[in-house]
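See structure below.
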Amino acid sequence: MRIGINSSSKFDKIICRYPPWYQLAMLALRNLLPFIFALLGLIMFSMTLNYGNGDPVTLWSPLEAINGLAFMLAFGLGVPQWLSLLLSFSFLLLVCWIGYRLGKKVQTLFKA
């Protein structure tokens with residue numbers, strides 16, 4: 001038995017029980033997790049602000065959520081219109097960023 005860098009033992013090769021196509025699919029999914037979480041955050045933000053209106057679910061959009069939040073800031077708090085739109089868009093970006101960071105945390109759980 002040779003010992004060193006070039007030893008040829010049966011334990012030197014790692015045996016994987018999953019086929020290569022499955023490994024590639026899991027790698028792609030693991031890399032997409034942060035973006036999926038950011039998209040889920042955006043969807044949940046839109047659902048939260050659009051739930052009360054009478055539109056069908058297919059017409060809910062992030063733009064409608066931004067306008068609803070801007071209206072709440074402008075009418076309820078007396079913030080200028082341009083500032084309320086800027087703040088609501090910033091809040092939307094913050095929600096997406098938090099979802100992305102949460103996805104990065106989950107991504108570290110799947111690293112082998």
Side-chain angles (χ1 to χ4, degrees):
M1 176 184 219
R2 295 183 313 193
I3 297 175
I5 297 175
N6 295 328
S7 65
S8 60
S9 171
K10 65 179 181 178
F11 299 110
D12 287 344
K13 296 180 181 177
I14 298 174
I15 299 172
C16 185
R17 55 188 138 153
Y18 299 114
W21 60 268
Y22 182 79
Q23 290 175 353
L24 288 174
M26 291 307 290
L27 179 67
L29 178 65
R30 190 178 75 215
N31 289 337
L32 284 177
L33 270 177
F35 298 107
I36 291 171
F37 271 72
L39 184 64
L40 284 175
L42 179 68
I43 290 170
M44 289 182 350
F45 175 73
S46 296
M47 285 179 62
T48 302
L49 291 179
N50 289 324
Y51 186 71
N53 63 5
D55 292 340
V57 177
T58 55
L59 295 179
W60 290 356
S61 68
L63 183 61
E64 200 61 40
I66 287 175
N67 286 334
L69 187 61
F71 174 76
M72 182 184 69
L73 290 172
F75 186 72
L77 299 177
V79 177
Q81 181 182 4
W82 65 270
L83 185 59
S84 63
L85 283 171
L86 183 70
L87 288 174
S88 58
F89 184 72
S90 305
F91 187 74
L92 179 73
L93 287 178
L94 179 69
V95 167
C96 287
W97 181 77
I98 289 172
Y100 180 81
R101 294 303 301 167
L102 187 63
K104 287 295 260 188
K105 283 284 189 187
V106 171
Q107 181 185 27
T108 59
L109 296 175
F110 287 107
K111 290 200 177 187

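Hydrophobic cluster membership is shared by Ile66 and Ile98, with clusters built from Ile, Leu, Val, Met, Phe, Trp and Tyr side chains linked at under 4.5 angstrom. When the side chains of ILVMFWY residues are joined at heavy-atom separations under 4.5 Å, either directly or via intervening members, Leu69 and Phe75 end up in two distinct hydrophobic clusters. In the hydrophobic clustering of this structure, Phe71 does not group with Tyr51; members are Ile, Leu, Val, Met, Phe, Trp, Tyr whose side-chain heavy atoms approach within less than 4.5 Å, directly or through other members. Hydrophobic cluster membership is shared by Phe45 and Leu93, with clusters built from Ile, Leu, Val, Met, Phe, Trp and Tyr side chains linked at under 4.5 angstrom. Hydrophobic cluster membership is shared by Leu94 and Met47, with clusters built from Ile, Leu, Val, Met, Phe, Trp and Tyr side chains linked at under 4.5 angstrom.
Once rounded to the nearest 0.5 Å, the distance linking CZ of Phe91 with CG of Leu49 reads 8.0 Å. Atom CG of Leu102 is separated from atom CG of Leu33 by 10.0 Å, given to the nearest 0.5 angstrom. To the nearest 0.5 angstrom, Leu86 atom CG is 10.5 Å from Leu73 atom CG.
Within the 4.5 Å cutoff, the side chain of Asn31 has heavy atoms near those of the Gln107 side chain. Residues Phe37 and Tyr100 fail the side-chain proximity criterion, which asks for heavy atoms closer than 4.5 Å.
Nearest approach of Ser88 to Ala70, heavy atoms of both residues: OG-CB, 3.8 Å. Between Asn67 and Leu85, the closest heavy-atom pair is OD1-CD2, 4.0 Å. For the residue pair Pro62 and Ser46, the shortest heavy atom distance occurs at CA-OG, 3.3 Å.
Legend: residues meeting ring pair (Phe, Tyr, Trp, His ring centres under 6.0 Å) with Phe89, ordered by chain and number and at least two apart, are absent.
Through direct or relayed side-chain contacts under 4.5 Å between Ile, Leu, Val, Met, Phe, Trp and Tyr, Met44 connects to no other residue.
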